[in-house]
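Below: one structure, written as structure tokens.
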Amino acid sequence: MSGGGPRRPVDTDLLPPHHRRRRAFTLVLLTLLVPGSAQLAVGHRGLGRVALRVWLTLAAAALLVVAGLLVSRTTVLGLLARGPVLGGIQVVLWGWAALWAVLFVDAWRLGRPRTLLAGVRRWLTGVTAALLVVTSGGLVYAANAVGTGRAALDAVFQGDTATGPIHGRYNILLLGADTGRNRVGTRPDSIQVASVDAKTGRTVTFGFARDTENINFRPGSVMQRLMPQGWNCGDECLLNALYTWAEDHRAEFPAGTTNPGVLATREAVEALSGLKIQYYVMIDLKGFQQMVDAMGGLDLNVVRRTPIGGGSSPILGWIEPGEQHLDGRHALWYARSRTGSTNYERMARQRCVITAMVQQLDPQTVLLRFRQIAGATSGVLQTDLPQSELPQFAELAMKARSHKITSVNFVPPLIKPWDYDPKVVTDTVASTIRSSGQAAGKAGGKATKATKSSTRTATARPSPAAKPSPAPSTSAAATPVDPKDAGGPPAQSDLASVCAAPRS
């Protein structure tokens, strides 16, 4: 007799004990391997058919996603990175978790535990509970992780305008913002541009000192209209102080400007570099601490002893030379410590921790610590990159990991940030990008000397010609620290002066 109702219960009392035991455990294991099959065999066939259809549908969907990733990874990731899609996935995971839990409990019931010996009954109950926790519990965890990721995406990636590559490249402004208690306003102390080849992911970075002066904006830009004479007022008009000025003069910006500080800094860096910047990413240094902790720490090979504290506060400790596993607090201090070093060495340390984070934030780390990382992201990042562009940039990020990054920092002796020829800066940017492209073409995908990290950063040696450091200022502009006054270590030429990649 067919139908969707429950089958007539098997009289398990007539079965030998070992048959009863085998039957009970088989029903539970069938629920693990093919959900719904236990109900089709001896239980409510309607429930079994529904569960089996849902399971087969989800399995087919998973296979389609895998096939799609093999055919067009960017398209599939673009779909999965959208908030509404993630919301739908979260609901499906919750629903399947609930249904699978019902199936396990029902399979345990169908095993007729009362007919089993006490020891066997305890084992059956324990195995069922363990499988329920692993399956349904794992699905609930996954659903919550998806929800956390969705919330992070919605909170961070709020841009609504996608911009294509310019001359085959994406130029992204990277800002490290410092909002310390003793500071007036937000100041992006770390200011870099990452210029990324849209096809290969090969990346060149350009760093600009926070105390760069004498900035003349491009004709037709918002800042050129607001400052036709440029940002030229000496030590009160430094690159990193422009952000605070713009926020304090928000009413003077065009209607609809959501972040005047970023706009002003972006146009200043565009004028300095000669590049058109499509997107920006701002990392809050205090939130950076949360991100490092979410990753489980950061591995660095510290070259020089670095103080924790100092300046107007006592030194509370040291980050010692050698291979170190830094938690968020120590990584943050390593990035922002000022005592006994120049601004330029500090820039190099900030690049060290960012580079280490990029290298260590691999797919395995993201997968294992997804909830922590996603939860920390909303307190760390701010960007105008739309969610729709995430898959393409994730693809570029993976490609970039296979290349060495060429870096140029516009600090002494390459230029003096307070007295420089703007053409030297723009020509250096153009020639570095051109050389990177030529090296990629000659290499044919193989690493060559030209594609290895060729950092042209340098800190200045004490020199009688160096600009004297002005008296401390109480304005929003940061007082430039002259290398000769820093009392720091001798000059070095690249990141090796402050850190090195830890041995694997």
Which label fits Y279 and F393: parallel for a plane angle under 30°, tilted from 30 to 60°, or perpendicular past 60°? perpendicular

Residue pairs fulfilling salt bridge (Lys or Arg N to Asp or Glu O under 4.0 Å) with at least one residue in residues 252-266, sequence neighbours excluded: R266-D384

Between Q278 and I166, which heavy-atom pair has the shortest distance, and what is it? NE2-N, 3.4 Å

For the residue pair S195 / R169, report whether a side-chain donor-acceptor contact shorter than 3.5 Å exists. yes

Using every non-hydrogen atom in the two residues, find where R210 and R338 come nearest and quote the distance to one decimal. NH2-NH1, 2.8 Å

Given 3.5 Å as the limit, does a donor-acceptor pair link the side chain of E270 with the main chain of I277, or not? yes

Does the side chain of N259 reach to within under 4.5 Å of the side chain of L263, using non-hydrogen atoms? no

Any side-chain heavy-atom pair of T212 and Y420 under 4.5 Å: yes

Scanning both residues in full, the closest heavy-atom pair of W231 with F217 reads N-CE1, 3.9 Å

Taking Q324's backbone N and O only, do any of them form a donor-acceptor pair with N301's side chain (distance below 3.5 Å, no angle check)? no

Any side-chain heavy atom of V281 within less than 4.5 Å of one from Q382? no

Before you tell me yes or no, could you show the steps for L175 and I191 under side chain to side chain contact (heavy atoms under 4.5 Å, CB included), namely the whole-Å CA-CA distance, both residues' side-chain angles and the distance that decides it to 0.1 Å? CA-CA 5 Å; L175 303 174; I191 303 170; 4.0 Å; yes

With the side chain counted from C-beta on, respond yes when L139 and T135 share a heavy-atom pair under 4.5 Å apart, and no when they do not. no

Steps toward side chain to side chain contact (heavy atoms under 4.5 Å, CB included) verdict (L174, I283): CA-CA 8 Å; L174 305 176; I283 303 175; over 6 Å; no

Counting C-beta onward and ignoring hydrogens, is there a side-chain heavy-atom pair between R329 and I308 closer than 4.5 Å? yes

Quick one: does any side-chain atom of D327 pair with a main-chain N or O of D293 as donor and acceptor, under 3.5 Å? no

Do you know which two heavy atoms are closest between Y170 and T163, and how far apart they sit? CE2-O, 3.4 Å

So, the side chain of S136 versus the backbone of V133: is there a donor-acceptor pair under 3.5 Å, distance only? no

Is it true that a side-chain atom of Q289 and a backbone atom of A331 form a donor plus acceptor pair closer than 3.5 Å? no

Atom OG1 in T306, atom CZ in R336: separation rounded to 0.5 Å? 14.5 Å

Please indicate whether H325 has more than 12 foreign heavy atoms, meaning atoms of other residues, nucleotides or ligands, lying under 6.0 Å from its NE2. yes

Does any non-hydrogen side-chain atom of F410 lie less than 4.5 Å from one of V429? yes

Evaluate the side-chain proximity of V292 to L326: yes if any heavy-atom separation is below 4.5 Å, no if none is. no

Is there a donor-acceptor pair under 3.5 Å between the side chain of T406 and the backbone N or O of K404? no

In Å, rounded to the nearest 0.5 Å, how long is the span from CZ of R250 to CG of D248? 10.0 Å

T265 side-chain N/O to V262 backbone N/O, donor-acceptor pair under 3.5 Å: no

Between S436 and R202 the two heavy atoms that sit nearest each other are OG-CD, 3.3 Å

With rounding to the nearest 0.5 angstrom, report the CG to CH2 distance, L103 to W96. 6.0 Å

Between E267 and V222 (side chain of the first, backbone of the second, donor and acceptor by atom type, cut-off under 3.5 Å), is there such a pair? yes

Can you label the angle between the H249 ring and the W245 ring as parallel, tilted or perpendicular, going by 30° and 60°? parallel

Check whether any side-chain heavy atom of F208 sits under 4.5 Å from a side-chain heavy atom of L272, and report yes or no. yes

Does one side chain, of R349 or S341, offer a donor that lies under 3.5 Å from an acceptor on the other? yes

Would you say the side-chain atoms of T426 pair up with the backbone N or O of K423, donor to acceptor, closer than 3.5 Å? yes

Nearest heavy-atom neighbours spanning K199 and D197: N-OD1, 2.8 Å

Quick check: does any side chain N or O of T257 sit under 3.5 Å from a backbone N or O of P260, one acting as donor and the other as acceptor? no

Would F253 and M223 satisfy side chain to side chain contact (heavy atoms under 4.5 Å, CB included), going step by step from the backbone distance to the final call? CA-CA 9 Å; F253 283 78; M223 291 306 299; 3.8 Å; yes

Could you walk me through whether N409 and L414 pass side chain to side chain contact (heavy atoms under 4.5 Å, CB included), step by step? CA-CA 8 Å; N409 271 359; L414 183 57; over 6 Å; no

